[in-house]
Visitor: 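My questions will all concern the structure given below.
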Amino acid sequence: MKIINVILSGGVGSRLWPLSRKSKPKQYLPLFDGKSLFELAVERNMSVCDKICVVGGIDNYLLSRNILKKLKVKPYSEIVEACPRNTAAAIAFAALEANPEDILLVTPSDHLIKNDKRYYKSLESAIDLANQDHIVTFGFKPMSAETGFGYIEYLDNDVISFREKPTQELAESFLESGNFLWNSGCFCFKAGVYLDELKKNEPEVYTSSKRAFFKSNGIFLNEILSMEIPSISVDYAVMEKTERIKVVPSFFEWSDMGSFLAIYDFIPSTDARKSSTNLSLNTDKLVEFVGVENLILVETKDAILVLNKNNAQDVKKVYERLEIENPTYLR
């Protein structure tokens, strides 16, 4: 039995446009003391896991490979998706590559986590539950009434219910109750248990993922067969349906770095880029904010984004519009 860190690296980081592009998504940007989120994710679990398996896209697998080589990671494996089919299939590919009794620690490549005793204690609890054939998710203590996250209603390690991205009013009630956790997107389970639950709850995803995996060309999945896989998240496909679900309440410092607001909160107030309630990013020009508050300015060689930090989630709408009207700015 091995513990395998499955790193999901296929996201495009649309809410961090124009910094994040298809050719170099947010998880590969060296924003954290010269390191990327992907690099930090690899380093975080090297001492716990026996192997790393990276599941990523055709556009950026070389970026992850170069980091693995830089860090001299051995052993590792790569699974390159021809097209994104969401997390249920991505995890299925890693599970099919593993032995049924291997434990998969599934982590996104774009989270910022403080490596302390609380983090490794949570991993220990999750691995123990996974060894008992449970499907384990990690839940984080909410820091605010965030509407961009899913929530888990819980009691100890038992999951009472899942709640998808709520209204502001609901999010505030969740925060006040103390019985809810943010749904993290991190999971732990045996490879065989996951495949059994996927087959039981989403048989079409299971069958089509298996077909695409076993018809792969080395590390590259077959594009035609991949397109036949229903695109569905692991939360909808398995987590919200399985009777084997458990949650590990986790209290280490965490951010999904999914928006410019998250970056704003991460950067210390002593940083020269912060001015009062405003922030400038990725520019070598002097930026002065006069008579305005809560603004973030982001500059790249071909685009400038100015947003109210309270509307950070809406950057995704700009990305989606550009994908239709002018995809050049996404490359």
Side-chain angles (χ1 to χ4, degrees), residues 4-16 20 25-27 36-38 40-42 44-45 49 52-57 64 81 84-95 103-114 119 122-123 125-127 129-130 134-144 146-154 159 161-166 171 174 180-189 194 197-198 205 231-242 245-259 261-262 313 316:
I4 301 172
N5 183 197
V6 178
I7 302 179
L8 305 179
S9 66
V12 297
S14 58
R15 289 173 292 171
L16 287 183
S20 184
K26 66 173 181 176
Q27 59 266 33
S36 67
L37 290 168
F38 181 88
L40 293 173
V42 172
R44 186 178 306 125
N45 297 315
C49 297
I52 288 175
C53 172
V54 179
V55 184
S64 58
E81 296 180 289
R85 305 313 294 162
N86 219 314
T87 51
I91 297 170
F93 301 142
I103 290 178
L104 307 185
L105 174 62
V106 181
T107 61
S109 60
D110 55 1
H111 288 183
L112 188 65
I113 291 172
K114 184 174 181 180
Y119 174 70
S122 292
L123 292 192
S125 298
I127 291 168
L129 287 168
H134 290 298
I135 296 278
V136 184
T137 184
F138 294 80
F140 298 136
K141 182 181 179 182
M143 297 292 104
S144 61
E146 173 64 59
T147 59
F149 297 149
Y151 286 74
I152 301 170
E153 187 180 8
Y154 80 107
V159 174
S161 68
F162 286 92
R163 307 289 184 91
E164 281 311 305
K165 299 174 183 178
F174 292 168
F180 287 83
L181 301 167
W182 280 338
N183 195 357
S184 68
C186 303
F187 312 103
C188 188
F189 35 67
Y194 175 76
E197 291 301 293
L198 184 64
V205 177
S231 179
I232 183 172
S233 73
V234 66
D235 297 281
Y236 287 132
V238 174
M239 298 297 154
E240 296 184 11
K241 297 175 180 177
T242 180
I245 190 72
K246 292 290 183 181
V247 64
V248 173
S250 302
F251 302 100
F252 49 85
E253 291 183 31
W254 166 88
S255 171
D256 74 339
M257 284 294 145
S259 70
L261 178 58
Q313 299 291 336
K316 184 176 183 178

Visitor: Does the side chain of Phe187 reach to within under 4.5 Å of the side chain of Thr137, using non-hydrogen atoms?
Guide: yes

Visitor: Rounded to the nearest 0.5 Å, what's the gap from CD1 on Ile113 to OH on Tyr119? Could you check?
Guide: 5.0 Å

Visitor: Inspect the surroundings of CZ in Phe162 and state if more than 12 heavy atoms from other residues, nucleotides or ligands are less than 6.0 Å away.
Guide: yes

Visitor: Using 0.5 Å steps for rounding, measure from the CZ atom of Phe189 to the CG atom of Leu104.
Guide: 6.0 Å

Visitor: I'd like to check Asn45 versus Leu123 (side-chain heavy atoms, cut-off strictly below 4.5 Å). Are they in contact?
Guide: yes

Visitor: Does Arg163 offer a backbone N or O that forms a donor-acceptor pair with the side chain of Glu153 under 3.5 Å?
Guide: no

Visitor: What residues, two or more places apart in sequence or in another chain, satisfy ring pair (Phe, Tyr, Trp, His ring centres under 6.0 Å) together with Tyr154?
Guide: none

Visitor: So which atom in Gln27 and which in Ser36 form the shortest heavy-atom distance, rounded to 0.1 Å?
Guide: O-CB, 3.2 Å

Visitor: Tell me every residue that passes side chain to side chain contact (heavy atoms under 4.5 Å, CB included) with Pro166, counting only those two or more places apart in sequence or in another chain.
Guide: Tyr151, Leu170, Ala171, Phe174

Visitor: Under the rule for side-chain hydrogen bond (donor to acceptor under 3.5 Å, both in side chains), what residues qualify as partners of Gln313, not counting sequence neighbours?
Guide: Arg15

Visitor: Identify, with sequence neighbours excluded, every residue that meets side chain to side chain contact (heavy atoms under 4.5 Å, CB included) alongside Asn86.
Guide: Ser231, Ser233

Visitor: Specify the closest pair of heavy atoms between Cys53 and Ala94, including all atoms of both residues, with the distance to one decimal.
Guide: SG-CB, 4.1 Å

Visitor: With sequence neighbours left out, write down each residue that passes side-chain hydrogen bond (donor to acceptor under 3.5 Å, both in side chains) with Thr107, or none if nothing qualifies.
Guide: Asn5

Visitor: Quick one: does Glu197's side chain have a donor or acceptor within less than 3.5 Å of a partner on Val238's backbone?
Guide: no

Visitor: Please name all residues satisfying side chain to side chain contact (heavy atoms under 4.5 Å, CB included) with Lys241, sequence neighbours left out, ordered by chain then number.
Guide: Asn201, Glu202

Visitor: Taking only residues two or more places apart in sequence or in another chain, which ones pass side-chain hydrogen bond (donor to acceptor under 3.5 Å, both in side chains) with Asp110?
Guide: Lys26

Visitor: Which residues pass the side chain to side chain contact (heavy atoms under 4.5 Å, CB included) test with Val12, sequence neighbours left out?
Guide: Ser14, Tyr319

Visitor: Ignoring hydrogens, what is the shortest heavy-atom contact between Gly56 and Ser9? Give both atom names and the distance.
Guide: CA-OG, 3.4 Å

Visitor: Please check this pair: side chain of Ser184 against backbone of Gly139, looking for a donor-acceptor N/O pair closer than 3.5 Å.
Guide: no

Visitor: Using ring pair (Phe, Tyr, Trp, His ring centres under 6.0 Å) as the criterion, list what pairs up with Phe38, not counting sequence neighbours.
Guide: Tyr28

Visitor: Output all residues satisfying ring pair (Phe, Tyr, Trp, His ring centres under 6.0 Å) with Phe138, sequence neighbours left out; order by chain, then residue number.
Guide: none

Visitor: State, with a plain yes or no, whether a side-chain heavy atom of Leu105 is found less than 4.5 Å away from one of Ile103.
Guide: no

Visitor: Could you list the residues that satisfy side-chain hydrogen bond (donor to acceptor under 3.5 Å, both in side chains) with Ser122, not counting sequence neighbours?
Guide: Ser250

Visitor: Does Phe149 have any ring pair (Phe, Tyr, Trp, His ring centres under 6.0 Å) partners at least two apart in sequence or in another chain, and if so, which?
Guide: Trp182, Trp254

